[in-house]
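What follows is a single structure, written as structure tokens, with notes after it.
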Number of protein chains: 2
Amino acid sequence: MARRSDHTREELKILIIEESWNIIEKHGFEGLTARRIAKNIGYAPGTIYNLFSSMDDLYLQLNSKTLDLLLAILSSPKCNDPKKTPIKNMKAMAHRYMEFAKEHRPYWLMLFNLKVTENRTDAGWYHEKVDQLFTPLEKLLEPYFTSKQGKKRKIAARVLWASVHGLCFLQETGKITIVSEQDTAPDMAGYLIDTFISGIKNNH
Amino acid sequence: MARRSDHTREELKILIIEESWNIIEKHGFEGLTARRIAKNIGYAPGTIYNLFSSMDDLYLQLNSKTLDLLLAILSSPKCNDPKKTPIKNMKAMAHRYMEFAKEHRPYWLMLFNLKVTENRTDAGWYHEKVDQLFTPLEKLLEPYFTSKQGKKRKIAARVLWASVHGLCFLQETGKITIVSEQDTAPDMAGYLIDTFISGIKNNH
DNA sequence: ATTGAAATTGAACAATGTTCATAAACATTG
DNA sequence: CAATGTTTATGAACATTGTTCAATTTCAAT
């Protein structure tokens with residue numbers, strides 16, 4: 001039996017989340033089970049339920065971690081370089097998003113897992129976190145809108161972002177037949193951004 | 001014990017699919033279990049495995065049915081009206097897609113279910129079916145491209161479609177914070193289409 | 001009638017999330 | 001230090017799941 005003083009409640013919570021993270025990396029989301037986590041950290045399955053109300057609750061915490069990672073990437077200087085044009089930054093942003101989805105596929109896919117999604121209990125902080133993801137793109141869109149068009153800009157950011165995500169999603173789940181080998185998903189995202197921004201300029 | 005001559009193999013297959021369809025409508029995807037299907041049609045659980053290699057196989061067949069429905073909707077005269085402008089038709093198409101996602105949510109969500117997606121065995125006919133979904137939009141895009149720009153048009157169709165889908169997905173899974181009550185997802189799709197098409201015109 | 005193939009069965013298996021009485025570990029008190 | 005109370009860990013137990021497969025039943029052919 002694990003000593004009660006081995007870890008504080010908070011330490012144990014982190015321990016479980018981190019071990020889950022590793023399991024997912026090795027065995028994918030399907031490989032993540034309460035029993036496996038418990039075994040790996042030297043506790044009994046029941047212990048997990050002392051710290052998380054359910055597996056879904058744990059999934060939510062894991063998603064939170066993923067969102068943190070994503071926000072860090074989208075906020076990084078590489079796609080917010082003042083020396084580059086906004087369009088170039090946007091393309092870099094899209095590129096890095098797709099890169100993230102590819103490299104951290106299981107974590108990224110979890111974000112859109114049905115069960116996790118329908119967890120609308122304490123959706124407050126979670127939704128705010130998702131909302132935060134739009135801000136880097138919103139900033140890049142500033143040059144194309146007047147200061148009075150804040151709402152329009154917000155909408156544009158969300159629409160463009162949803163588009164990039166849609167492209168990434170269909171690509172990553174193999175639902176899209178890429179027309180030719182040369183037209184990779186990032187290229188298509190580039191095309192999308194060029195066209196969309198060109199359209200925005202046109203409408204002024 | 002159910003008589004062997006009650007149904008032919010093919011009849012039974014259809015029976016299972018239709019009963020599954022009803023179960024999903026009533027109890028969602030989560031409510032769909034081998035035992036429940038069997039019980040409802042008066043057979044034993046094992047029988048299902050005589051006709052489908054696994055539950056995932058059955059899911060694939062169900063998705064196929066959903067894709068048929070979707071194609072029918074996207075091909076319908078309501079969004080392919082020669083009297084209307086292409087843009088209006090596109091907006092109608094996006095609108096109907098989103099409507100479909102809302103009304104047939106469980107079926108629509110199943111299309112993007114991980115497990116079902118990773119079934120890459122007989123992905124041939126399935127992928128072709130998905131590919132078919134793009135053709136209505138491709139046709140609507142004809143006026144904006146020369147006959148030599150067939151490939152460009154294909155790409156545009158996929159990009160635009162992915163965008164609409166992304167919008168729909170984030171909206172339907174509650175991942176997007178709509179800026180205000182007035183800006184519904186269909187409105188945002190309209191904005192997307194207007195801007196995107198405007199951008200296409202610009203680039204010629 | 002007999003034989004043989006084909007279809008149906010349902011008990012059995014392994015694995016899952018989850019619960020909860022029990023026991024252990026610690027903190028507090030007298 | 002002993003006794004008591006509280007918190008935490010446990011792991012067996014429960015209900016479900018997909019899935020398998022030897023046994024049984026059904027039916028056509030002989």
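We name chains A, B, ... by the order of the sequence lines, and we start the count at 1 in each one.
Between Ile197(B) and Leu141(B), the closest side-chain pair of non-hydrogen atoms falls below 4.5 Å. For the pair Leu60(A) and Trp125(A), the minimum side-chain heavy-atom distance is below 4.5 Å. Taking the side chain as every heavy atom from C-beta outward, Met188(A) and Arg158(B) approach each other to under 4.5 Å. Side-chain contact check for Glu25(A) versus Tyr107(A): some heavy-atom pair is nearer than 4.5 Å. Considering only heavy atoms from C-beta on, Leu32(A) comes within 4.5 Å of Leu62(A) through its side chain. When side chains are defined from C-beta on, Lys83(A) does not count as touching Lys88(A), because their heavy atoms never get closer than 4.5 Å. A heavy-atom distance below 4.5 Å is not found between the side chains of Met90(B) and Trp161(B).
Atom CZ in Arg35(A) sits roughly 13 Å away from atom P in dT19(C) (whole-Å rounding). Rounded to an integer number of Å, the gap from Arg36(B) CZ to dA15(D) C1' is 15 Å. Computed from coordinates, the Tyr43(B) OH to dA6(C) P distance equals 18 Å when rounded to whole Å. Taking atom CD1 of residue Ile37(B) and atom P of nucleotide dT17(D), one finds them 11 Å apart after rounding to whole Å. Whole-Å rounding puts the Asn50(B) CG to dT9(C) C1' distance at 9 Å. At whole-Å resolution of the value, CE in Met55(A) and C1' in dT18(C) are 9 Å apart. For the pair Asp56(B) CG and dT17(D) C1', the interatomic distance rounds to 13 Å; values are reported in whole Å. Rounded to an integer number of Å, the gap from CD1 of Ile48(B) to C1' of dA7(C) is 15 Å.
Applying the 4.0 Å criterion to OP1 and OP2 of dT8(C), one finds that Thr47(B) has every side-chain N and O outside that range. Proximity of Arg3(A) to the phosphate of dA24(C): no side-chain N or O atom is located under 4.0 Å from OP1 or OP2.
When each of Asp6(B) and Ser53(B) is assigned the nucleotide of DNA chain D bearing its nearest heavy atom, the one mapping closer to the 5' terminus is Ser53(B). Nearer the 5' end of DNA chain C, as judged by each residue's closest nucleotide, is the contact made by Gly31(A), out of Gly31(A) and Gly46(A).
Residues from residues 7-20 of chain A placing a heavy atom under 4.0 Å of any atom in DNA chain D, listed by number, are Arg9(A), Leu12(A).
Across all strands shown, Leu32(A) has heavy atoms under 4.0 Å from sugar-phosphate atoms exclusively, and none from any base.
Pairing for dT10(D) goes to dA21(C), judged as Watson-Crick or G-U wobble with the two contacts each under 3.5 Å.
Counting distance only, with no hydrogens placed and no angle test, the side-chain atoms of Arg4(A) and the base atoms of dT7(D) include a donor-acceptor pair under 3.5 Å.
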